[in-house]
Number of protein chains: 4
Amino acid sequence: MNPRVDLAQKRGELRDHIRDAAIAEFAENGLRGASTQAIADRAGITKTKLHYYIDSKEDLYQQSLDHIVGIWEELFDGIPLDLGPEAFLSFYITRKISFSIHHPAEVRMFANEIMRGAPMLRSHWAGSRASTLRAAARIEDWVSAGLIRQVDPMLLQFNIWALTEHYALMAPEVRYMLGLAEDAPLDEAKIAAEVTMLVLRGLKP
Amino acid sequence: MNPRVDLAQKRGELRDHIRDAAIAEFAENGLRGASTQAIADRAGITKTKLHYYIDSKEDLYQQSLDHIVGIWEELFDGIPLDLGPEAFLSFYITRKISFSIHHPAEVRMFANEIMRGAPMLRSHWAGSRASTLRAAARIEDWVSAGLIRQVDPMLLQFNIWALTEHYALMAPEVRYMLGLAEDAPLDEAKIAAEVTMLVLRGLKP
Amino acid sequence: MNPRVDLAQKRGELRDHIRDAAIAEFAENGLRGASTQAIADRAGITKTKLHYYIDSKEDLYQQSLDHIVGIWEELFDGIPLDLGPEAFLSFYITRKISFSIHHPAEVRMFANEIMRGAPMLRSHWAGSRASTLRAAARIEDWVSAGLIRQVDPMLLQFNIWALTEHYALMAPEVRYMLGLAEDAPLDEAKIAAEVTMLVLRGLKP
Amino acid sequence: MNPRVDLAQKRGELRDHIRDAAIAEFAENGLRGASTQAIADRAGITKTKLHYYIDSKEDLYQQSLDHIVGIWEELFDGIPLDLGPEAFLSFYITRKISFSIHHPAEVRMFANEIMRGAPMLRSHWAGSRASTLRAAARIEDWVSAGLIRQVDPMLLQFNIWALTEHYALMAPEVRYMLGLAEDAPLDEAKIAAEVTMLVLRGLKP
DNA sequence: GATGAATGAGGGTTCATTCAT
DNA sequence: TATGAATGAACCCTCATTCAT
């Protein structure tokens with residue numbers, strides 16, 4: 001075994017560990033409200049050690065944000081583009097709800113950044129917008145082909161984002177209203193089914 | 001004119017002004033990330049003067065939260081209860097989207113609090129849950145009467161919340177994707193129409 | 001009745017009331033540690049009203065100190081000077097212990113000022129020293145006359161002050177060690193008797 | 001030389017240095033009146049550095065108090081218990097007066113705490129009381145054995161405390177009355193002799 | 001004479017970061 | 001690479017006092 005590889009790997013793992021701790025802290029308290037001490041605590045290291053691995057809090061924030069965007073894009077890379085609306089949307093919604101339920105911190109940190117006006121996210125938005133516009137075009141095609149009713153293709157996408165991200169952002173509220181314990185798992189399948197049905201039926205020609 | 005009334009009014013206005021400044025700051029930075037200095041700056045007063053009017057940052061936060069909950073409840077008091085699903089839902093959605101678009105800070109602060117686990121909101125939730133359960137019962141009635149399709153009445157409500165609040169929470173993203181300027185007004189009527197249609201059609205029996 | 005007299009009297013009473021509140025607060029927290037808010041609270045008035053009646057915290061402190069010195073001097077004015085040591089000392093000790101037990105705050109505030117180096121008491125000390133030296137001379141006379149043993153007349157006075165003031169300064173400790181409740185009265189007569197006996201026997205030729 | 005030892009030692013010394021500065025400040029101004037800025041100034045460090053070494057002002061106060069209690073107990077550990085009253089008392093008084101004269105700040109801080117009702121000292125008092133009661137029993141034995149006159153054993157102890165602590169608490173007054181400069185040393189031997197004589201003679205059967 | 005509002009200075013404490021080793 | 005020590009800026013808040021009526 002090459003010990004240098006092990007070391008590098010270990011360091012990489014620690015970096016990932018730090019990033020996850022940071023995402024959790026940023027999700028809960030935002031950039032300003034997050035403290036490097038809290039991040040260090042979550043990561044189980046000292047504050048000094050944390051600062052040895054990062055350049056600054058803002059930099060760690062940016063990194064974490066980039067990481068989330070990366071996951072996001074990756075997540076929808078694998079969906080076949082030539083499916084009809086029904087298959088595509090149910091696929092997309094299911095996957096996104098699954099991610100929201102299992103990675104709420106990522107979604108919350110992302111939303112938090114947008115709520116602040118997204119000053120550190122704007123660099124990613126150009127690409128994001130391009131693919132959103134492409135998706136809009138495809139939706140228009142569906143409309144033209146009579147596969148779905150007349151609909152605003154941009155607002156439709158926003159609405160789907162709203163529906164799927166809600167179960168990450170507002171999970172505590174959802175749990176409380178359902179009478180679930182704070183750590184109880186949400187019924188991913190049921191939620192995905194309800195949302196999918198709402199959207200698909202809502203789009204029927 | 002009675003000067004005493006003027007004074008009291010002025011004070012009341014200042015208090016409201018402070019609360020609005022606080023909501024804006026809390027919406028952007030959360031409880032921890034908000035600084036009393038920033039709130040004072042937004043309100044156009046000195047930090048000392050701010051602290052003359054409030055007991056503590058946490059207290060101001062709680063007050064602001066209570067205020068938002070108050071508005072919220074008031075907002076839906078006036079909706080006639082005996083309307084059918086179509087009228088009721090379009091009424092409700094329209095009103096809520098209007099509020100979201102015109103008072104995004106209130107919605108964001110609220111969401112922020114929930115993302116943190118809602119430690120300071122829990123006191124309000126008991127009442128909130130009761131009315132949510134009542135609404136669920138009404139929805140079940142609509143289902144029984146065949147007015148809408150079979151649907152989970154709790155998830156339906158969550159979905160409507162998601163759709164309506166999204167245009168407050170994610171307004172910067174929405175604007176960017178639509179190619180609008182940062183301060184451009186969102187087309188309230190169109191958004192309400194699209195969301196209403198999605199929901200009403202999505203619920204057709 | 002002359003209402004103007006009543007008013008003046010009322011004001012005078014309030015001033016006394018404030019002074020007593022101040023002494024209590026200064027006794028417990030010293031000049032720096034005392035807050036005008038706390039003094040106002042003890043006096044049952046608002047802070048603004050307090051500041052209407054005083055010039056400054058330091059001034060109130062000085063006034064209170066002067067008042068205590070005045071009481072002090074008055075207290076020993078009435079003791080006949082031509083008594084022998086036995087009568088004089090028992091008289092003096094009894095009176096001083098009585099004052100200490102019934103007015104601990106005054107004694108504590110005084111002691112507090114001395115512990116700080118007595119910066120605001122020095123003006124009174126010239127007179128104080130003169131009478132202490134006079135008393136020392138009288139004690140020397142008693143020694144010369146063979147009424148008491150050879151003793152340092154200054155240290156004797158310090159020792160008597162120590163013994164008598166202790167029951168004001170350290171009352172909480174005394175009470176605790178005796179197993180008394182925090183508000184239980186100290187047995188003035190017994191304490192005076194013990195101290196007197198210690199001193200008188202301790203001075204026997 | 002081991003540099004690690006040096007460092008640890010240095011740190012320990014700084015901690016001691018801070019504690020001494022704190023005792024001096026607390027002695028003069030009490031807990032409320034003492035400022036961390038003033039303590040830092042006395043210790044010759046910045047306020048931030050001070051706060052790096054302490055948890056809070058209150059904690060530093062408690063620590064300092066504990067330290068004093070520790071010294072106190074240590075101070076009287078070495079006195080042989082089987083001495084007769086004369087030897088024991090002269091030993092005890094001499095030692096306590098010596099401490100009072102050389103460590104007035106410690107005694108003053110202690111007294112200050114008691115004057116405030118000893119809220120942070122009460123934990124130590126249980127043990128203190130036990131040993132005071134034991135000492136009282138020994139005094140009773142002396143009385144029974146006819147070695148000293150009938151005396152209240154608790155009040156006797158209070159009186160000795162009063163006499164010995166006075167030269168710490170009221171040193172400025174003592175100095176002024178004796179015509180000494182503010183920093184002039186007190187004549188430890190003479191004071192101890194006078195107090196010892198007063199007590200021993202005052203207890204003669 | 002009396003009082004709610006206002007304020008500059010300072011209170012104790014935490015912050016993200018850098019230093020020194 | 002790693003870490004305890006250190007630090008200037010900023011944090012929330014209270015202070016004694018003055019203002020304005």
Side-chain angles (χ1 to χ4, degrees), chain A residues 7-8 10-11 14 31-40 45-61, chain B residues 3-4 6-8 10-11 14-15 29 31-40 45-61, chain C residues 4 7-8 10-11 14 29 31-40 45-61, chain D residues 3-4 6-8 10-11 14-15 29 31-40 45-61:
Chain A
L7 251 178
K10 222 177 181 180
R11 253 197 318 260
L14 181 50
L31 171 55
R32 295 263 288 264
S35 84
T36 55
Q37 180 64 68
I39 294 170
I45 60 177
T46 64
K47 196 167 61 162
T48 304
K49 191 166 185 177
L50 171 66
H51 275 282
Y52 178 73
Y53 278 90
I54 67 173
D55 281 346
S56 70
K57 188 171 80 161
E58 297 222 338
D59 185 73
L60 177 56
Y61 185 82
Chain B
R4 210 170 289 187
D6 282 9
L7 249 179
K10 221 176 179 181
R11 242 172 329 180
L14 180 51
R15 268 174 218 284
N29 297 107
L31 172 54
R32 296 259 290 262
S35 82
T36 55
Q37 179 65 69
I39 294 171
I45 60 178
T46 64
K47 199 167 58 159
T48 302
K49 188 168 183 179
L50 171 66
H51 276 284
Y52 177 71
Y53 279 90
I54 67 173
D55 282 344
S56 69
K57 188 174 79 162
E58 299 223 335
D59 187 75
L60 177 57
Y61 185 83
Chain C
R4 212 172 285 188
L7 252 179
K10 224 177 180 179
R11 255 199 315 262
L14 181 52
N29 297 107
L31 171 55
R32 297 261 289 264
S35 83
T36 55
Q37 180 64 68
I39 294 170
I45 60 177
T46 64
K47 196 167 62 160
T48 305
K49 191 166 187 178
L50 171 67
H51 275 282
Y52 178 72
Y53 278 90
I54 68 173
D55 282 346
S56 71
K57 188 171 80 160
E58 297 222 337
D59 186 73
L60 177 56
Y61 185 81
Chain D
R4 208 171 290 188
D6 283 7
L7 248 180
K10 222 175 179 181
R11 240 172 329 177
L14 181 51
R15 270 174 217 284
N29 297 107
L31 172 54
R32 297 260 288 262
S35 83
T36 55
Q37 179 64 70
I39 294 170
I45 59 178
T46 64
K47 199 168 59 159
T48 302
K49 189 168 181 179
L50 171 67
H51 276 284
Y52 176 70
Y53 279 91
I54 68 173
D55 281 345
S56 69
K57 188 174 77 160
E58 297 222 337
D59 187 74
L60 178 56
Y61 185 82

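Just so it is clear, the model here is predicted, and its values are computed rather than measured. Below, chain A is the first sequence line, B the second, and so on; all start at residue 1.
- When distances run from any side-chain atom of A:Tyr53 to the nucleotides E:dT17, F:dA2, F:dC13, the shortest one goes to F:dA2.
- Straight-line distance from the CD1 atom of C:Ile45 to the P atom of F:dA16: 14 Å, rounded to whole Å.
- Computed from coordinates, the D:Leu50 CG to E:dT13 P distance equals 9 Å when rounded to whole Å.
- D:Thr36 has a side-chain polar atom (N or O) that falls below the 4.0 Å cut-off from OP1 or OP2 of E:dG12.
- To the nearest 0.5 Å, atom OG1 of residue C:Thr36 and atom CD1 of residue C:Ile54 are 6.5 Å apart.
- In this structure, C:Leu31 atom CG and F:dC15 atom C1' are separated by 13 Å, rounded to whole Å.
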> So what does the secondary structure string of DNA chain F come out as, 5' to 3', with Watson-Crick or wobble pairs under 3.5 angstrom, [ ] for crossing and | for pairs with another strand?
Replying inline: .||||||||||||||||||||
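- Ranked by how close their nearest DNA chain F nucleotide is to the 5' end, B:Ile54 and C:Asp55 are led by B:Ile54.
- Residue D:Ala34 is in sugar-phosphate contact alone, with no base atom involved, counting any heavy-atom pair closer than 4.0 Å across all strands shown.
- Put simply, CG on C:Asn29 and CG on D:Asn29 are 11.0 Å apart, with the number rounded to the nearest 0.5 Å.
- For D:Leu14, counting side-chain heavy atoms from C-beta on, the closest listed nucleotide (E:dA6, F:dA6, F:dC13) is F:dA6.
- Considering every non-hydrogen atom in both A:Ala40 and A:Leu50, the closest pair reads N-CD2, 4.0 Å.
- One atom, CD1 of A:Ile39, and another, C1' of E:dT17, lie 14 Å apart when rounded to the nearest Å.
- Rounded to an integer number of Å, the gap from NZ of D:Lys47 to P of E:dT14 is 12 Å.
- In terms of phosphate contacts, D:Tyr52 brings no side-chain nitrogen or oxygen within less than 4.0 Å of OP1 or OP2 of F:dT7.
- Within 4.0 Å (heavy atoms only), D:Ala40 reaches no atom of the nucleic acid at all.
- You'll find that the side chain of D:His51 is closest to E:dG12, out of F:dC13, E:dT7, E:dG12.
- Straight-line distance from the CG atom of A:Asp59 to the C1' atom of E:dT18: 16 Å, rounded to whole Å.
- One can find a donor-acceptor pair under 3.5 Å joining the base of F:dG8 and the side-chain atoms of D:Thr48.
- Between the OH atom in B:Tyr52 and the CG atom in B:Leu14 there is a gap of 10.5 Å [rounded to 0.5 Å].
- When rounded to the nearest whole Å, the span between CD of B:Glu58 and C1' of F:dC13 equals 13 Å.
- Minimum atom distance to the side chain of D:Gln37 is reached by E:dG11, of the listed F:dT17, E:dT17, E:dG11.
- Once rounded to the nearest 0.5 Å, the distance linking OG of C:Ser56 with CG of C:Leu60 reads 8.0 Å.
- No N or O donor and acceptor, one from the side chain of D:Lys49 and one from the base of F:dA5, sit under 3.5 Å apart.
- Positionally, the nearest nucleotide of DNA chain F for A:Arg32 lies more toward the 5' end than for the other of D:Arg32 and A:Arg32.
- One N or O on the side chain of D:Lys57 and one on the backbone of D:Leu31 form a donor-acceptor pair closer than 3.5 Å.
- Considering CD1 of C:Ile39 and OH of C:Tyr61, their distance stands at 11.0 Å, rounded to 0.5 Å.
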